[in-house]
Every structure is written in C-alpha cells, then in structure tokens.
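What follows is a set of notes on a single structure, which appears directly below.
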Amino acid sequence: MDGVLKWLEATALATEIRENEFLFPWVEALHVLAITLVVGSIAILDLRLIGFASLDRPVGRLARDILPCTWIAFAFAALTGTLLFSAKATDYAGNFFFRGKLVLLALAALNMVVFHAFTGRNMQHLSVGSPAAARIAGGLSLTIWVAVVAFGRWIGFTLH
Amino acid sequence: MMFKTTLDRFCWWLEQTDASQAIQSTAWVVPAVQTVHILAIATVLGAVLMLNLRLLGLAGVDQPLARQSQRYLPVIWWTLPVLLITGIVMIVGEPARSLKNPVFQLKMALLLAAMAVTALHRLRLARGHALPNGRGTALLIALPSLALWAAIVFAGRWIAYY
C-alpha cells in the first residue's frame, strides 16, 4: 500500500499539482464547487424524503430533476479529489479525517443502495407524504453529507 | 491612500478585540464556522441551480415557473444571513487577511451582482413577464446567475491563497 502511494505521489501529474503554485488551489476550488453542488442538490431530495419541503412534488419527478446534477457534480468532486489526493497521497492516507470521509462516502452509498433496492423500491410513484423508510433514508443521507463537508474541512486543518 | 490607512487601522483594532483573540486561540472555531459557511453556500447553490435550470427549461418543467420560484427563492434569501454571520466570524478572526484581500473584495462585488440578478428575477416574476424558456431570460438571468454564484465559491476558496 505504501509503495502504491509513493508511486502515485511521484507521477508527473501529482508532482506538477504539488509544485505548481496555482494548480493546487485551482483544483481545490473546483473540488469545493463540485461538493457544494453535490450537497446542495442532494439536500433538496433529502428534505423531500424527510417530508420537510417540496411536498407538492412526487419523489420520482424531483429525483429526475436533481439526480443528474448530483451525479455530474459528484463525478467532478471525485476526479478533483483524486488529483488532490495524488499530490500528497501518503499524508492524506494517514489522516484521520480523510479516512473518516471515505468511510462516510461508503455509508452514503450504502444508504442509497439500500433505499433504491429494498426499503424505497416503490417510492418513484410516491406523490403525497413520506413514509418512515423515506424519512430514515433522507435523514441519514442529509446527516452523512453534512459530516462529509465537516470532515473535508477538517482535513485542511490537520494535514501536515 | 486615506482609505488604506483607515482600513489598516480598523483591521489592527479588530485584531486586538476580545472576540478576535478568542477566535484565534480556539482551534475548532474556524473549521466549524467554515463548515457551516460551506453548507450554507451549498444550500444556496442547490436553490440557484434548480431555479436557473427551470428558467432554461432543463428541470421542473412540469410545474409553473412561479411555483418553482416560490420554492427556491426564499431559500436563497434566508440562507444569506447565515453566510453573513459565519463570514463575519471569519473576518473578526483574521481581519487583515480578509478585508484587505483583493479576492475577498472581488467576492463581495460578485455577491452584490448575484443578488441583483436574483432580485431582477423576482421583479420580473412579480410583474408577470417572466418568460418561461425564452432565450432572453437565459441570457439575462439564468446564465449570469449560475456563473456569478460559481465564481463566488471559487473566490471564497482563493481568499486563502492570495
């Protein structure tokens, strides 16, 4: 594992991001923009699932509006995140908040899969109210994404 | 020149206040406040995105523009105070690094422009001539709004590097 991280850090791209004065902040700014779009869009759907907002709209229709934005933004966040990681791979890999952020992302994915495949299978047609399964999935998602942002911000203060 | 020295003095004075000293000496305050600030701007961006995608005819087209605006416009206005308060805490913690920073000043100008575009959308809506998917609306409101809010996030991150 250590060998892989060292190799990654030594690649030309990683070296350039680390050493170029402007590249790291640019990639980081793109990463922040992408993650705000991920969290800002998914929150709208989460609040609908919780039963707090957009109650006049069917879940499936709102999801079709929002999820394409969320996925495109997530792809950008993952790409820019990988680039940032490569620049200081060994430091990030040893950072508590970075590791925690990855665990949280895995939990977000698990929550999504469970809701889509099992507990919320019929929610596409849900037009009124929000049953317990939807409220739980929405609440978990919102909590996890808030924590992802907090952990992400704390990486910057604890990485040396 | 005059302005510069006044700003310098103000920053120096602010830095010595108890509030500033408290923020500087408590390690968790800045990251916590920044986290809330980022979550708040994420909230605004989500609303801005849905509003402008509706204007462009790319989302929410099954419901009237007025309804989509009723859902998302208040989110923008009500989240701005959160951004203002958390922003002020960061300024008090490091006055010179923010107030005297050209990127911060640019960010405030961009914010005013973004608020003006949002107010224009609100005004056109109130007057009833908000064109649903018109090219004029896209050029006048949707695209400038998206570009301005994205630039605000960019500038926010760049304050730390300038």
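Lettering of chains follows the sequences in order, A, B, ..., and the numbering in each one begins at 1.
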> Side-chain donor-acceptor pair under 3.5 Å between Glu21(A) and Tyr161(B), yes or no?
Replying inline: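 Not at all, the side chains of Glu21(A) and Tyr161(B) share no donor-acceptor pair under 3.5 Å.
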>> If we define contacts as heavy-atom pairs under 4.5 Å, which of Pro31(B), Ala160(B), Ala27(B) has the most with chain A?
In response: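 When all of Pro31(B), Ala160(B), Ala27(B) are compared, Pro31(B) has the most.
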> Given the options Gly156(B), Ala150(B), Ala42(B), Ala155(B), which has more heavy-atom pairs under 4.5 Å with chain A than any of the others?
Replying inline: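 Heavy-atom pair counts peak at Ala42(B).
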> Is a side-chain donor or acceptor of Asp65(A) paired with a backbone partner of Gly60(B) at a separation under 3.5 angstrom?
Replying inline: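 Yes, because the side chain of Asp65(A) sits within donor-acceptor range (under 3.5 Å) of the backbone of Gly60(B).
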> Pick from Ile66(A), Leu30(A), Thr70(A): which one has the most heavy-atom pairs with chain B under 4.5 Å?
Replying inline: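 Of the candidates given, the most pairs with chain B belong to Leu30(A).
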Distance, nearest 0.5 Å, that separates [atom1] of [X] from [atom2] of [Y]:
{"X": "Cys69(A)", "Y": "Met50(B)", "atom1": "SG", "atom2": "CE", "answer": "6.0 Å"}
{"X": "Arg64(A)", "Y": "Asp62(B)", "atom1": "CZ", "atom2": "CG", "answer": "8.5 Å"}
{"X": "Arg157(B)", "Y": "Thr36(A)", "atom1": "CZ", "atom2": "OG1", "answer": "12.5 Å"}

> Could you go step by step and tell me if Arg67(B) and Arg57(A) meet the side-chain contact (heavy atoms from CB on, under 4.5 Å) rule?
Replying inline: CA-CA 11 Å; Arg67(B) 188 144 194 174; Arg57(A) 303 204 70 201; over 6 Å; no
> Is it the backbone or the side chain of Trp149(B) that comes under 4.5 Å from a heavy atom of chain A, or both, or neither?
Replying inline: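 Contact with chain A: none, neither part.
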> For Arg18(A), does the CZ atom sit with more than 12 other heavy atoms under 6.0 Å from it, leaving out its own atoms?
Replying inline: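 For Arg18(A), atom CZ is crowded (more than 12 foreign heavy atoms under 6.0 Å).
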> If you measure from the Lys or Arg side-chain nitrogens to the Asp or Glu carboxylate oxygens, is any gap between Asp56(A) and Arg71(B) under 4.0 Å?
Replying inline: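 Salt bridge absent between Asp56(A) and Arg71(B).
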>> Let's go through Leu33(A) and Leu45(B) carefully: what are the C-alpha distance in whole Å and the side-chain angles of both, what is the deciding distance for side-chain contact (heavy atoms from CB on, under 4.5 Å) to 0.1 Å, and is it a yes or a no?
In response: CA-CA 9 Å; Leu33(A) 180 61; Leu45(B) 277 186; 4.0 Å; yes
> For the side chain to side chain contact (heavy atoms under 4.5 Å, CB included) test, which of Tyr162(B), Phe154(B), Trp158(B) pairs with Pro25(A)?
Replying inline: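 Checked Tyr162(B), Phe154(B), Trp158(B) against Pro25(A); only one passes side chain to side chain contact (heavy atoms under 4.5 Å, CB included): Trp158(B).
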